[in-house]
Chemist: 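I'd like to ask you about the structure that follows.
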Amino acid sequence: MQLGLVGLGKMGFNMRERVRRAGHEVIGYDRNPEVSDSESLADMVSKLEAPRVVWVMVPAGDITRNTVKELSELLEPGDLVIDGGNSKFTDDRIHADLLAEKEIGYLDCGVSGGVWGLDNGYALMVGGDAKHVEQAMPIFDALRPEGPREEGFAHAGKVGAGHYSKMVHNGIEYGLMQAYAEGFELLDKTDVVDNVPAVISAWQRGTVVRSWLLDLLVRALESDPELDDLRGYVEDSGEGRWTVEEGINNAVPLPVISAALFARFTSRQEDSPAMRAVAALRNQFGGHSVHLAGPSSGSGSTQG
């Protein structure tokens with residue numbers, strides 16, 4: 001079948017190639033003319049035969065909203081739009097309703113697999129009507145990992161369910177990465193363990209903590225055993241925050257995911273105002289030593 005693919009960045013570029021390898025025709029559009037197959041969204045749509053399926057793979061927020069709005073004016077009844085970016089699930093109902101006014105279908109699809117998806121396949125979590133899922137199934141089958149469909153693809157529920165599932169997936173990812181990171185730091189700080197990369201590498205088989213994320217940590221340590229080439233500054237793309245918000249909205253305790261999110265905030269502070277306040281309080285009530293700011297550092301008393 002044919003697929004229109006909007007957004008040919010790190011993910012979209014590889015997804016286009018994987019779908020083509022499966023024998024489908026993909027006509028992509030990107031603002032970068034070096035990778036684009038068409039001159040504009042309108043040009044891309046004109047090259048597709050009805051009923052059209054258009055996959056949107058652009059950054060979440062205004063860029064996705066504007067793309068969906070423009071597609072609503074270019075597509076025809078019976079066509080289908082799939083948002084495969086990391087949009088917040090609350091946007092999906094808005095997009096679906098906008099397109100429904102023109103009798104255009106809508107699916108939201110959470111996509112996991114990163115830059116490795118070209119060869120390994122992408123895990124897909126889809127929200128929307130079953131008839132639209134069936135319409136796009138050849139594309140989903142091309143993108144998902146080889147093997148049983150249910151091990152790499154899920155029709156998660158109604159519109160919004162796909163992005164909600166991906167949000168929770170990414171929240172879990174935050175917690176897993178933070179646990180591995182804390183374990184690495186403890187191993188690195190102690191004088192008991194001499195070969196940290198060897199220990200972490202040995203966890204890859206036969207242990208209960210083995211995972212693909214662990215494999216990726218081993219890969220990183222192979223090229224930089226102390227991870228000295230990196231600065232410990234970590235952004236968050238939004239899903240972690242949304243997951244914590246949903247935990248609050250549904251009275252679901254998420255201590256691990258919340259802590260992992262806040263750890264990312266801490267990573268961006270060269271000098272934490274909160275921890276300065278803690279140091280001041282310890283010095284005030286207990287006379288505990290403090291490290292003074294400035295070129296020469298002094299300390300308070302060392303009681304207790």
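Given the structure is predicted, the values throughout are model-derived calculations rather than measurements.
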Chemist: Any heavy-atom pair between the side chains of Val68 and Thr64 that's under 4.5 Å?
Modeler: yes
Chemist: Could you tell me if Glu39 and Ser36 have a donor-acceptor pair between their side chains, going purely by distance under 3.5 Å?
Modeler: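 Short answer, no.
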Chemist: Side chain to side chain donor-acceptor pair (under 3.5 Å), that's the test. Do Glu246 and Asn249 meet it? Break it down for me.
Modeler: CA-CA 5 Å; Glu246 280 300 290; Asn249 293 338; 3.1 Å; yes
Chemist: Would a single hydrophobic cluster contain both Ile82 and Leu98, if residues Ile, Leu, Val, Met, Phe, Trp and Tyr are joined by side-chain heavy-atom contacts under 4.5 Å?
Modeler: no
Chemist: Is the backbone N or O of Leu143 less than 3.5 Å from a side-chain atom of Arg18, with the two atoms forming a donor-acceptor pair by type?
Modeler: yes
Chemist: Side-chain contact, heavy-atom cut-off 4.5 Å: Leu3 with Val54?
Modeler: no
Chemist: Mind checking whether Val26 and Tyr122 sit in one hydrophobic cluster, side chains of I, L, V, M, F, W, Y counted as touching below 4.5 Å?
Modeler: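 Same hydrophobic cluster.
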Chemist: Would the number of heavy atoms belonging to other residues, nucleotides or ligands and lying under 6.0 Å from CD of Glu150 be above 12?
Modeler: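 For Glu150, atom CD is crowded (more than 12 foreign heavy atoms under 6.0 Å).
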Chemist: Could you check if a side-chain atom of Pro51 sits within less than 4.5 angstrom of a side-chain atom of Gln135, using non-hydrogen atoms only?
Modeler: yes
Chemist: Taking ring pair (Phe, Tyr, Trp, His ring centres under 6.0 Å) as the cut-off, I'd like each qualifying pair that reaches into residues 67-107, sequence neighbours left out, listed once.
Modeler: Phe89-Tyr164, His95-Tyr106
Chemist: Does a sphere of radius 6.0 Å around CD in Glu245 hold more than 12 heavy atoms from other residues, nucleotides or ligands, not counting ones at 6.0 Å or beyond?
Modeler: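 For Glu245, atom CD is crowded (more than 12 foreign heavy atoms under 6.0 Å).
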Chemist: Going through the distances and angles, do Met15 and Met57 end up as a side-chain contact (heavy atoms from CB on, under 4.5 Å)?
Modeler: CA-CA 10 Å; Met15 290 170 69; Met57 204 71 191; 3.7 Å; yes
Chemist: Report yes or no: do Leu80 and Val6 belong to one cluster of Ile/Leu/Val/Met/Phe/Trp/Tyr joined by side chain heavy-atom distances under 4.5 Å?
Modeler: no
Chemist: Can a donor-acceptor pair be found, under 3.5 Å and without considering hydrogens, that links the side chain of Asp79 to the backbone of Leu75?
Modeler: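 Looks like no, no N/O pair under 3.5 Å.
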Chemist: Using atom types as modelled and distance alone, determine if a side-chain donor or acceptor of Ser87 lies under 3.5 Å from a backbone N or O of Asp83.
Modeler: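 Here the side-chain-to-backbone pair does not exist.
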Chemist: Run the salt-bridge test on Asp97 and Arg93 with the 4.0 Å N-O cut-off and return the result as yes or no.
Modeler: yes
Chemist: For Met137 and Phe153, what are the C-alpha separation, side-chain angles and deciding distance, and is it a side-chain contact (heavy atoms from CB on, under 4.5 Å)?
Modeler: CA-CA 10 Å; Met137 189 57 73; Phe153 171 88; 3.7 Å; yes
Chemist: Look up atom NE2 in His132 and atom NE2 in His155, then write down how far apart they are to the nearest 0.5 Å.
Modeler: 10.5 Å
Chemist: Looking at Leu107 and Phe140, what are the two nearest heavy atoms and their distance?
Modeler: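 So the minimum-distance heavy-atom pair works out to CD1-CZ, 3.9 Å.
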Chemist: Just by modelled atom types, is the Lys69 backbone N or O under 3.5 Å from a matching donor or acceptor in the Ser72 side chain?
Modeler: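 Yes; at least one donor-acceptor contact below 3.5 Å.
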Chemist: Report yes or no: does Ser267 contribute a side-chain atom to a donor-acceptor pair with the main-chain N or O of Tyr233 at less than 3.5 Å?
Modeler: no
Chemist: Applying side-chain contact (heavy atoms from CB on, under 4.5 Å) to Gln178 and Glu182, what does each step give before you reach the verdict?
Modeler: CA-CA 6 Å; Gln178 186 65 26; Glu182 292 173 8; 3.0 Å; yes
Chemist: Would Arg20 and Asp37 pass as an ion pair if we require N to O under 4.0 Å?
Modeler: yes
Chemist: With a sphere of 6.0 Å drawn around CD of Glu103, does it hold more than 12 non-hydrogen atoms of other residues, nucleotides or ligands?
Modeler: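 12 or below, so no.
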Chemist: Determine whether Val196 and Leu186 fall in the same hydrophobic cluster, where Ile, Leu, Val, Met, Phe, Trp and Tyr are linked whenever their side-chain heavy atoms lie under 4.5 Å apart.
Modeler: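 No; tracing contacts between hydrophobic side chains, which count when under 4.5 Å, never links both residues.
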Chemist: Quick check: closest heavy atoms across Val56 and Val81, and the distance to 0.1 Å?
Modeler: CG2-CG1, 4.1 Å
Chemist: Kindly say whether Leu187 contributes a backbone atom to a donor-acceptor pair with the side chain of Thr190 at under 3.5 angstrom?
Modeler: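 Not confirmed, Thr190 side chain does not pair with Leu187 backbone.
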Chemist: Using modelled atom types only, decide if a donor and an acceptor are shared between the side chain of Ser46 and the backbone of Asp43 within a distance under 3.5 Å.
Modeler: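 Judged by distance alone, yes, a pair lies under 3.5 Å.
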Chemist: Gln2 and side-chain hydrogen bond (donor to acceptor under 3.5 Å, both in side chains): which single residue from Arg52, Lys47, Glu49, Glu25 fits?
Modeler: Glu25
Chemist: Mind listing the closest non-hydrogen atom pair of Met125 and Val111 along with its distance?
Modeler: CE-N, 4.5 Å
Chemist: Check whether Asp108 reaches the backbone of Gly160 with its side chain - one donor and one acceptor, N or O, closer than 3.5 Å.
Modeler: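 Yes: the side chain of Asp108 pairs with the backbone of Gly160.
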Chemist: State, with a plain yes or no, whether a side-chain heavy atom of Arg241 is found less than 4.5 Å away from one of Arg264.
Modeler: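 The answer is no, as the side chains (C-beta and beyond) never meet within the 4.5 Å cut-off.
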Chemist: Is atom CZ of Arg31 surrounded by more than 12 heavy atoms (other residues, nucleotides or ligands) closer than 6.0 Å?
Modeler: no
Chemist: Determine the minimum heavy-atom distance between Ala96 and Val159, stating which atoms define it.
Modeler: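 That would be CB-CG1, 4.0 Å.
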Chemist: Going by ring pair (Phe, Tyr, Trp, His ring centres under 6.0 Å), name the pairs with one or both residues in residues 168-191, residues two or more places apart or in two chains.
Modeler: none
Chemist: Decide yes or no for Glu17 and Leu8: does some side-chain heavy atom of the first lie under 4.5 Å from some side-chain heavy atom of the second?
Modeler: no
Chemist: How far does CD1 of Ile200 sit from CG of Asn195, to the nearest 0.5 angstrom?
Modeler: 10.0 Å
Chemist: With no hydrogens and no angle check, is any side-chain donor or acceptor of Thr243 less than 3.5 Å from a backbone partner on Glu239?
Modeler: yes
Chemist: Could you tell me which non-hydrogen atom of Gly128 sits nearest to which non-hydrogen atom of Val133, and how far apart they are?
Modeler: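 That would be O-CG2, 4.5 Å.
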Chemist: Using the rule that Ile, Leu, Val, Met, Phe, Trp and Tyr join whenever any side-chain heavy atoms are under 4.5 Å apart, tell me whether Ile94 and Ile104 fall into a single cluster.
Modeler: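 Each belongs to a different hydrophobic cluster.
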Chemist: For Glu134, does the CD atom have more than 12 heavy-atom neighbours from other residues, nucleotides or ligands under 6.0 Å away?
Modeler: no
Chemist: What verdict does the salt bridge (charged side-chain N to carboxylate O under 4.0 Å, His left out) test give for Asp236 and Arg268, after you've listed the backbone C-alpha separation in whole Å, the side-chain angles of each residue and the deciding distance to 0.1 Å?
Modeler: CA-CA 11 Å; Asp236 66 287; Arg268 302 168 204 170; 2.6 Å; yes
Chemist: So which atom in Leu5 and which in Gly12 form the shortest heavy-atom distance, rounded to 0.1 Å?
Modeler: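 Between these two residues, the closest heavy atoms are CD2-O, 3.4 Å.
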Chemist: Does a donor on one side chain and an acceptor on the other come within less than 3.5 Å for Lys166 and Asn170?
Modeler: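 Per modelled atom types, Lys166 and Asn170 side chains form a pair under 3.5 Å.
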Chemist: Within a reach of under 6.0 Å around NZ of Lys88, are more than 12 heavy atoms found that belong to other residues, nucleotides or ligands?
Modeler: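 Counting other residues, nucleotides and ligands, NZ of Lys88 exceeds 12 neighbours.
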Chemist: So, the side chain of Asn250 versus the backbone of Val252: is there a donor-acceptor pair under 3.5 Å, distance only?
Modeler: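 Side chain of Asn250 to backbone of Val252, a donor-acceptor pair under 3.5 Å: no, none is there.
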